[in-house]
Asks: 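Take a look at the following structure, please.
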2 protein chains.
Amino acid sequence: MTLESSVKISKALGESTRLKIIKLLSVRPMYVCELESVLKISQPRISQHLRIIKEAGLVKERKEAQRVFYMLQTDYLQSHLKKLINFLDEDLENLPEFEEENSRLQKLQCDSNVVNCKNIYENN
Amino acid sequence: MTLESSVKISKALGESTRLKIIKLLSVRPMYVCELESVLKISQPRISQHLRIIKEAGLVKERKEAQRVFYMLQTDYLQSHLKKLINFLDEDLENLPEFEEENSRLQKLQCDSNVVNCKNIYENN
DNA sequence: TGCTTATATAAGGATATTATTATATATATA
DNA sequence: TATATATATAATAATATCCTTATATAAGCA
């Protein structure tokens, strides 16, 4: 799980229309026009949100004649959420994307008693 | 878990600087100046992101002299993520915020064979 | 073939978000 | 008390997001 992909997925979940689309697709896969009819919002708006959800990897599509069938990748989403829970417990050393932050944090710990933030900052 | 609060938390997670702050605070609570020193980004930028994270309920603060100590509400965040996993499995009927969507979806199911999306839309 | 349906995409404006710079506030300290 | 430190907030500019309207594409259907 990269930071970037995690941000993308959280962004996909962090908008109410998209969260509704995702929940509806968890009930069953749907055509765009079905989402349109259930949500009562415009078709381009749905297509645009679906694109963001798709780019986050949360749905797969299947073209059926002129319709497009959208399927939520439930397992992928749920496993991502579980990874996010573990991410919070993970040692910083085990997260390559935090290499620099970790070394600065280590150094900061060594400067034992944090008396003065100004000094912390200047020394690091 | 309301939709709104869920969106707020996902939004808080859906930005790379904030996700980094949250991860760092999972290691241990920190002062703003420590975050500044570890992340090497400007103080106002950190304070502004902390405000968003705080408004999502993910951190608590404690003022200590002129410094402010930020503590991640790890249990709250993790329990939210677990609720989000369950949310995907939840029956639509049990989600008050999907009352209208659910009734439209029910009606749509009854119109048995989905031959024509145009008709679906006009009938609902 | 012409019309309808289903969806995607582009263009536009409105609003929101992010980052920077500047300033305010509060506390500590010399 | 004057100065330094720690943080928050305001103002601004740059960018991104979201929604609407309009258009393009592609597949049915009369």
Side-chain angles (χ1 to χ4, degrees), chain A residues 4 7-8 10-21 25 29-56 59-71 108 113-124, chain B residues 4 7-8 10-21 25 29-56 59-71 108 113-124:
Chain A
E4 196 201 1
V7 164
K8 233 174 190 176
S10 293
K11 257 189 186 141
L13 298 167
E15 204 275 340
S16 62
T17 305
R18 283 199 294 271
L19 192 52
K20 281 189 175 182
I21 290 175
L25 292 180
M30 292 189 198
Y31 299 109
V32 177
C33 60
E34 293 185 296
L35 287 169
E36 193 183 344
S37 142
V38 171
L39 286 168
K40 293 281 179 197
I41 60 179
S42 75
Q43 176 270 313
R45 196 173 147 191
I46 289 173
S47 282
Q48 284 159 2
H49 283 303
L50 280 170
R51 187 170 41 75
I52 292 168
I53 294 168
K54 186 175 69 182
E55 282 170 5
V59 291
K60 289 247 176 296
E61 55 185 336
R62 191 171 66 212
K63 197 150 170 48
E64 289 186 3
Q66 75 279 53
R67 286 186 280 190
V68 182
F69 197 55
Y70 277 88
M71 295 160 283
L108 194 143
N113 51 340
V114 177
V115 180
N116 188 312
C117 281
K118 186 78 186 311
N119 294 342
I120 290 174
Y121 191 81
E122 284 169 352
N123 294 337
N124 287 280
Chain B
E4 196 200 0
V7 164
K8 231 174 192 177
S10 293
K11 257 189 187 141
L13 298 167
E15 203 276 339
S16 60
T17 305
R18 283 198 295 271
L19 193 52
K20 281 188 175 183
I21 290 175
L25 292 180
M30 291 190 200
Y31 298 109
V32 177
C33 59
E34 292 185 296
L35 287 169
E36 193 182 345
S37 142
V38 171
L39 285 168
K40 292 281 178 194
I41 61 179
S42 75
Q43 177 269 314
R45 195 172 148 193
I46 290 173
S47 282
Q48 284 160 3
H49 282 303
L50 280 170
R51 186 171 41 75
I52 292 169
I53 294 169
K54 185 175 71 182
E55 281 169 6
V59 291
K60 290 249 178 295
E61 56 185 335
R62 190 172 67 213
K63 199 151 168 48
E64 290 186 3
Q66 76 277 55
R67 286 184 281 189
V68 183
F69 196 57
Y70 278 89
M71 293 161 281
L108 193 144
N113 52 340
V114 177
V115 181
N116 189 314
C117 281
K118 186 76 188 309
N119 294 340
I120 289 174
Y121 191 82
E122 282 168 354
N123 293 336
N124 287 278

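Numbers restart at 1 for each chain; the letters A, B, ... are given by sequence-line order, proteins then strands.
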Asks: Just how far, in rounded Å, is P of D:dT7 from CE of B:Met30?
Replies: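 My rounded result for the distance is 13 Å.
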Asks: What is the distance, to the nearest angstrom, from the CD1 atom on A:Ile41 to the P atom on D:dT20?
Replies: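 Those two atoms, CD1 and P, are 8 Å apart.
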Asks: Please report the shortest heavy-atom distance between A:Ala12 and A:Ala56, naming the atom on each side.
Replies: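 A:Ala12 and A:Ala56 have their closest heavy atoms at CB-CB, 4.0 Å.
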Asks: Taking atom CD as the centre, does A:Glu4 end up with more than 12 heavy-atom neighbours from other residues, nucleotides or ligands that are less than 6.0 angstrom away?
Replies: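 12 or below, so no.
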Asks: Go through DNA chain C and write down every stem, that is, every run of at least three consecutive Watson-Crick or G-U wobble pairs with distances under 3.5 Å, as range with range.
Replies: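 If one scans DNA chain C for consecutive Watson-Crick or G-U pairs, the stems found are C:1-11 with D:20-30, C:13-30 with D:1-18.
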Asks: With sequence neighbours left out, write down each residue that passes salt bridge (charged side-chain N to carboxylate O under 4.0 Å, His left out) with A:Glu61, or none if nothing qualifies.
Replies: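 With sequence neighbours excluded, A:Glu61 shows a salt bridge (charged side-chain N to carboxylate O under 4.0 Å, His left out) to A:Lys54, given in chain and number order.
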Asks: Starting at atom CZ of B:Arg67, determine the distance to atom P of D:dA4, rounded to an integer number of angstrom.
Replies: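 Answer to the nearest Å: 19 Å.
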Asks: Looking at B:Val59 and B:Leu50, what are the two nearest heavy atoms and their distance?
Replies: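 Taking every non-hydrogen atom into account, CG2-O, 4.3 Å.
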Asks: Whether the side chain of A:Arg67 engages the backbone of A:Cys33 through a donor-acceptor N/O pair (distance < 3.5 Å, no angle test) should be reported.
Replies: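 No: the side chain of A:Arg67 does not pair with the backbone of A:Cys33.
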Asks: Where do B:Ser47 and B:Val32 come nearest, in terms of heavy atoms and distance?
Replies: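 Heavy atoms only, the tightest pair is OG-CG1, 4.2 Å.
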Asks: Nearest heavy-atom pair of B:Lys11 and B:Arg18: which atoms, and what distance?
Replies: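 Scanning both residues, the minimum pair turns out to be O-NH2, 3.0 Å.
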Asks: Over how many whole Å does the gap from A:Phe69 atom CZ to C:dT7 atom P extend?
Replies: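 After rounding, the reported distance stands at 11 Å.
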Asks: Which heavy atom of B:Tyr70 sits nearest to which heavy atom of B:Leu25, and what is that distance?
Replies: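 Result for this residue pair: O-CD2, 3.6 Å.
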Asks: Expressed as a whole number of angstroms, how long is the span from A:Gln66:CD to C:dA6:C1'?
Replies: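 Distance, rounded to whole Å: 6 Å.
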Asks: To the nearest Å, give me how far apart CD (B:Glu64) and P (C:dT27) are.
Replies: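 After rounding, the gap between these two atoms is 14 Å.
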Asks: State, to 0.1 Å, how close A:Glu34 and B:Leu108 come at their nearest heavy-atom pair, and which atoms those are.
Replies: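 Minimum heavy-atom separation between A:Glu34 and B:Leu108: OE2-CD2, 3.3 Å.
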Asks: Just N and O in the side chain of A:Ser42: are any of them under 4.0 Å from OP1 or OP2 of D:dT20?
Replies: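 The answer is yes; a side-chain N or O of A:Ser42 sits under 4.0 Å from OP1 or OP2.
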Asks: Starting at NZ of B:Lys8 and ending at C1' of C:dT17, how long is that distance when rounded to a whole Å?
Replies: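 It is 15 Å, rounded to the nearest whole Å.
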Asks: Along nucleotides 8-18 of chain D, 5' to 3', which nucleotides get a B, which get an S, and which get a -, given that the test is a protein heavy-atom distance under 4.0 Å?
Replies: BBBB-----SS
Asks: Rounded to whole Å, how long is the line connecting atom CG of B:Leu13 with atom P of C:dT17?
Replies: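 In whole Å, C:dT17 P and B:Leu13 CG are 15 Å from each other.
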